[in-house]
Amino acid sequence: MIDLKDLRENPDRYKAAVAKKRVNFDIDAFLKLDEEVRLLKNETETLRAAQNAASKEIPKLQGDEKQAKIAEMKQVADKLKASSDKLVVSEEEWKRLRLFIPSIPLDAVPEGKDDSENVEIRKWGEIPSFSFTPKSHIELGNDLDIVDIERGVKIAGSRNYFLKGDGALLQHAVLNYTRDFLIERGFTLLDPPHIVNYEAMEGTSYFPGGEEQAYKLDERDNKYLIGTSEVSLTSYHMDEILDASELPKKYIGYSPCYRREAGTYGKDTAGLYRIHQFYKVEQVVICKNDPAESAKHHAEILKNAEDLIQSLNIPYRVVDVCGGDIGMGQVYKNDIESWMPSRDSYGETHSCSTFHDFQARRLNLRYRDTDGNLHICHTLNNTCIASPRILISLLELNQNEDGSVNIPEPLQSYMGGRTRISKS
RNA sequence: GGUGGAAUGGCCGAGUGGUUGAAGGCGCUGGUCUUGAAAACCAGAAACGGGGAAACUCGUUCGGGGGUUCGAAUCCCUCUUCCACCGCCA
C-alpha cells in the first residue's frame with residue numbers, strides 16, 4: 001500500500017508508476033473518490049462532534065430541559081446514521097481500490113513490457129560445451145532412477161513429481177547447504193507456517209490480485225498455502241512496533257512452496273522447471289525506513305545468492321527486471337537466471353525484491369526510532385535457492401559421458417562424502 | 001468436538017451506561033541529585049485519520065463485525081483468537 005498523502009501531493013508520480021508498471025489503474029478516478037470520502041467524513045465527524053458535546057451536557061441537565069435535549073439529539077442521531085451509511089459505502093470502495101495503487105519504481109528500473117525486456121547487468125561463469133551429447137535433467141533423472149515424473153503425475157496430476165533416492169538426497173543436500181551458508185552469514189532460521197490466513201497474503205501484497213495462483217483450503221478453514229515463505233517471514237512481525245536497535249532483522253525461511261500455476265497451460269510443461277510444489281530457502285530482511293539502507297540490504301542478499309551459486313559453479317546472469325515485469329509493490333527487482341543446458345538458455349532461479357514500505361504499511365509493521373518517533377519499516381526478500389528447479393542446472397552441468405553426475409564439492413559432505421551419482 | 005473463562009495503551013493490569021483516551025505498575029523521554037551510573041524524587045508522552053503555514057483543532061480506536069441507546073470499554077448478537085478442563089487423534 002502506498003502513502004495516500006504522497007499520492008494527493010504527487011499524483012503525476014503515481015500516474016508515471018502506473019504507466020511504467022503497465023498497470024490498469026485510474027489515478028484521477030481514485031483521487032475523485034478520495035475527495036468524496038473526505039467530504040463525507042467531514043460531514044459525519046461534524047455531527048459526531050455535536051453528539052459528543054451533548055453527551056457531556058445531558059447528564060448535567062434536569063427535567064424538561066434534559067428531555068428536550070435528548071429529543072434534539074435523537075434528530076442528530078438519525079442524520080448521523082444516514083451520513084455514516086453513505087460514508088461506509090464510499091469508503092469500502094476506497095479501501096478496496098487503494099490496494100491496487102502501485103508503488104513508484106526506482107529510476108534504475110528499466111522501461112519494458114514484459115520479461116523479454118529485462119536488462120542483463122552482469123554475467124558469471126563459462127557456458128559449458130560438452131564433448132558428447134548431453135542429456136536433459138529429465139533423461140538423467142530417468143536413467144539414474146532419481147526423478148520420477150510419470151508417477152508424480154499419476155497420483156497428483158500434471159506438474160507433479162517424485163524425487164527418488166539420490167535425487168531426493170541431492171535436493172536436501174543443496175537446501176541444507178544453503179541453510180548453513182546463510183546461518184554463517186548471520187541470518188536467523190525460521191521454520192514457518194505453510195498455511196496462512198488472508199491477512200498475511202494481503203499484507204505481503206499477493207492478495208488481492210494473486211488469488212488464482214494460491215491454493216486455498218476449503219471454505220471451513222479459509223486459509224492459504226504459501227507460494228513462498230516470504231509471506232510468513234515478512235508477516236512475522238505484523239502489527240508490531242520494533243525497536244530501532246533490533247533492526248535489521250535478517251531471516252531465512254526454509255519451507256515448501258505451493259503454486260497453482262493457473263494460466264500457464266502448455267508453458268514449460270516438461271520436467272522440473274514449472275511445478276506445483278518445491279522447496280525454497282528464502283532470505284527476508286526488515287530494516288529501517290531509508291532507501292539507502294534498503295539498497296544496501298538488496299545488494300547484500302543478492303550477493304549472498306550469487307556467492308552461493310558461484311560456489312556451486314553454476315553460470316548465471318543477473319537482470320534488472322523491467323517496469324512491466326516488476327510486481328505492483330516492488331520498487332526494484334533483480335532476477336538471477338542460471339544456465340540450463342537443456343533449455344540452451346538461462347532460466348530464472350532467484351528473485352530479489354525491494355519493497356520499501358509497501359508491504360510494511362499493509363502489515364502495520366513499524367519501529368520506534370531513537371528519537372522516540374514511529375516509522376514504517378522497509379522489507380526485502382530474495383531467493384537463496386529453490387529446488388528442484390536448481391537441480392536442472394546441477395544435474396545437467398555436472399553430467400559425465402557415462403551418464404553419471406558429479407556432486408559439486410560443497411554438497412559432498414551433505415551426501416555422505418560421495419562425489420558422484422551413478423546408476424545403482 | 002464439548003464445557004467454562006478471557007481479549008483494554010510499548011508491556012502488565014483496573015475499570016459493568018454519561019466529564020474514561022482510559023486508574024495503577026513496568027518500560028520510555030526530560031529534569032533534580034551524583035565525579036559518573038544506579039536508586040530516589042519531579043515532570044512528560046497513546047496510535048491512526050481529517051482540517052490548518054503553525055499554534056492548534058475535530059474525529060476514530062478498549063480483539064473484528066453488527067445491534068440497543070440521545071450516549072457503549074461497559075448491555076445484546078455474531079465471528080476470530082487465546083487459556084483451562086474433558087473427549088478424540090498423531
Side-chain angles (χ1 to χ4, degrees), chain A residues 1-9 30-99 101 191 193-203 207 216-224 232 235-247 249 286 288-289 357-358 360-377:
Chain A
M1 194 160 68
I2 55 116
D3 178 0
L4 290 178
K5 235 179 228 163
D6 191 46
L7 172 69
R8 289 169 196 141
E9 284 162 17
F30 180 81
L31 285 171
K32 205 176 146 206
L33 176 64
D34 181 57
E35 186 65 34
E36 188 185 310
V37 166
R38 279 191 290 168
L39 271 167
L40 282 168
K41 210 172 208 169
N42 228 298
E43 185 182 308
T44 309
E45 285 178 2
T46 305
L47 287 165
R48 201 154 284 167
Q51 195 172 65
N52 289 342
S55 93
K56 285 181 186 169
E57 212 182 315
I58 287 171
K60 293 184 205 156
L61 299 174
Q62 299 287 329
D64 288 350
E65 233 181 344
K66 186 168 185 169
Q67 292 316 311
K69 193 70 186 174
I70 287 175
E72 184 194 329
M73 290 326 289
K74 206 166 182 130
Q75 307 272 309
V76 172
D78 289 344
K79 264 199 248 173
L80 178 60
K81 178 97 174 78
S83 175
S84 77
D85 282 353
K86 260 200 286 181
L87 175 63
V88 164
V89 173
S90 300
E91 205 174 20
E92 205 167 293
E93 178 67 357
W94 177 81
K95 280 183 179 160
R96 190 184 71 78
L97 283 174
R98 73 183 174 170
L99 293 175
I101 305 170
D191 213 317
H194 311 156
I195 299 170
V196 298
N197 55 27
Y198 190 91
E199 286 67 34
M201 297 299 285
E202 182 181 281
F207 290 175
K216 186 186 183 186
L217 269 57
D218 65 24
E219 290 301 329
R220 84 192 152 161
D221 287 319
N222 193 27
K223 289 183 183 170
Y224 302 85
S232 311
S235 304
Y236 183 60
H237 291 292
M238 177 166 82
D239 287 324
E240 290 183 28
I241 296 176
L242 304 172
D243 196 87
S245 63
E246 306 173 65
L247 299 176
K249 296 275 194 191
I286 299 168
K288 289 190 191 176
N289 192 311
D357 62 8
F358 191 85
R361 193 180 292 278
R362 290 182 174 210
L363 289 166
N364 194 222
L365 168 50
R366 297 172 295 173
Y367 67 98
R368 195 180 295 280
D369 215 338
T370 41
D371 57 14
N373 291 322
L374 292 176
H375 305 277
I376 297 167
C377 296

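One interatomic measurement links the two molecules: NZ of A/K79 to P of B/rC70, which rounds to 16 Å at whole-angstrom precision. One can place NZ of A/K223 at 10 Å from P of B/rU80, the figure rounded to the nearest angstrom. Atom CG in A/L242 sits about 17 Å away from atom P in B/rC28, given to the nearest Å. Taking atom CG on A/D243 and atom C1' on B/rC28, their separation rounds to 10 Å, with Å as the unit. For A/M238 and B/rU81, the CE to P distance is 13 Å, given to the nearest whole Å. Going from atom CD1 of A/I2 over to atom P of B/rG49 covers 13 Å, rounded to whole Å. One atom, CD of A/E199, and another, C1' of B/rU81, lie 11 Å apart when rounded to the nearest Å. Rounding to whole angstrom units, CG of residue A/L33 and P of B/rG50 are separated by 14 Å.
In this structure, B/rU19 forms no base pair with any nucleotide, since neither Watson-Crick nor G-U wobble geometry is met with both distances under 3.5 Å. Across all strands shown, B/rG4 forms a Watson-Crick or G-U wobble pair, both distances under 3.5 Å, with B/rC83. Base pairing annotation: B/rU61 forms a Watson-Crick or G-U wobble pair with B/rA46, both donor-acceptor distances under 3.5 Å. With a 3.5 Å ceiling on both atom-pair distances, B/rA90 lacks any Watson-Crick or G-U wobble partner. In a base pair of the Watson-Crick type (N1 to N3 plus N6-O4 or O6-N4) or a G-U wobble (N1-O2 and O6-N3), with each distance short of 3.5 Å, B/rA72 is matched with no nucleotide. When Watson-Crick and G-U wobble pairs are counted only if both distances are under 3.5 Å, B/rC41 pairs with B/rG31. Across the strands present, B/rA54 finds no partner; the criterion is a Watson-Crick or G-U wobble pair with both atom distances under 3.5 angstrom.
Separation of the P atoms belonging to B/rA22 and B/rA73 is 13 Å when rounded to the nearest angstrom. Straight-line distance between the P atoms of B/rG25 and B/rA37: roughly 25 Å, to the nearest whole Å. B/rA55 and B/rU60 have their C1' atoms separated by 23 Å, given to the nearest Å. For B/rA45 and B/rC82, the C1' atoms lie 31 Å apart once the distance is rounded to whole Å. Comparing the C1' positions of B/rG10 and B/rA46 gives a spacing of 9 Å, expressed to the nearest Å. Nucleotides B/rA23 and B/rA14, compared at atom P, are 14 Å apart to the nearest Å. Spacing of P atoms, B/rG67 relative to B/rC48, comes out at 28 Å, to the nearest Å. Rounded to whole Å, the P atom of B/rU32 lies 46 Å from the corresponding atom of B/rG17.
Contact of the A/W94 side chain with the A/L40 side chain is not registered, since no non-hydrogen atoms from C-beta on lie closer than 4.5 Å. Side-chain contact check for A/L4 versus A/L7: some heavy-atom pair is nearer than 4.5 Å. Using a 4.5 Å heavy-atom cutoff, the side chains of A/L99 and A/M1 are in contact. Considering only heavy atoms from C-beta on, A/L87 comes within 4.5 Å of A/V37 through its side chain. Taking 4.5 Å as the limit, every side-chain heavy atom of A/K288 sits out of range of all side-chain heavy atoms of A/H375.
Considering only residues two or more places apart in sequence or on other chains, A/S83 meets the side-chain contact (heavy atoms from CB on, under 4.5 Å) condition with A/E43, A/T44, A/L47. In terms of the side-chain contact (heavy atoms from CB on, under 4.5 Å) criterion, A/D64 has no residue partners (sequence neighbours excluded).
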Residue pair A/I58, A/M73: steps toward the side-chain contact (heavy atoms from CB on, under 4.5 Å) verdict = CA-CA 10 Å; A/I58 287 171; A/M73 290 326 289; 4.3 Å; yes
For salt bridge (Lys or Arg N to Asp or Glu O under 4.0 Å), just list the numbers for A/E35 and A/K32, CA-CA rounded to whole Å, side-chain angles, deciding distance to a tenth of an Å, and then say yes or no.
-> CA-CA 5 Å; A/E35 186 65 34; A/K32 205 176 146 206; over 6 Å; no
Compile the donor-acceptor pairs under 3.5 Å between side chains in residues 50-57 of chain A and protein atoms, sequence neighbours left out, one pair per line.
{"unit_1": "A/N52", "atom_1": "ND2", "unit_2": "A/R48", "atom_2": "O", "d": "3.4"}
{"unit_1": "A/S55", "atom_1": "OG", "unit_2": "A/N52", "atom_2": "O", "d": "3.4"}

Contact pattern, 5' to 3', of nucleotides 57-67 of chain B - B, S or - by protein heavy atom under 4.0 Å = -SSS------S
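Here the closest non-hydrogen pair linking A/I2 and A/F358 is CG2-CE1, 3.9 Å.
Among the atoms of the strands shown, none is found under 4.0 Å from any heavy atom of A/A54.
Using a 4.0 Å cut-off between charged nitrogen and carboxylate oxygen, A/E93 and A/R96 count as a salt-bridge pair. Between A/R38 and A/D34 there is a salt bridge, with a side-chain nitrogen of the basic residue lying less than 4.0 Å from a carboxylate oxygen of the acidic one.
Where A/K74 and A/K41 meet RNA chain B, the nucleotide closest to each residue was compared, and A/K41 sits on the side nearer the 5' end. In terms of position along RNA chain B, the nucleotide closest to A/N364 lies nearer the 5' end than the nucleotide closest to the other residue of the pair A/M73 and A/N364.
Note on ring orientation: taking the six-membered ring where Trp is involved, the planes of A/Y198 and A/F207 are tilted (angle from 30° to 60°).
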Report each atom pair, protein N/O against N/O of nucleotides 51-53 of chain B, whose distance is under 3.5 angstrom.
{"unit_1": "B/rG51", "atom_1": "OP1", "unit_2": "A/R38", "atom_2": "NH1", "d": "2.5"}

Might you list the N or O atoms of the protein lying below 3.5 Å from N or O atoms in nucleotides 8-10 of chain B, with each pair's distance?
none

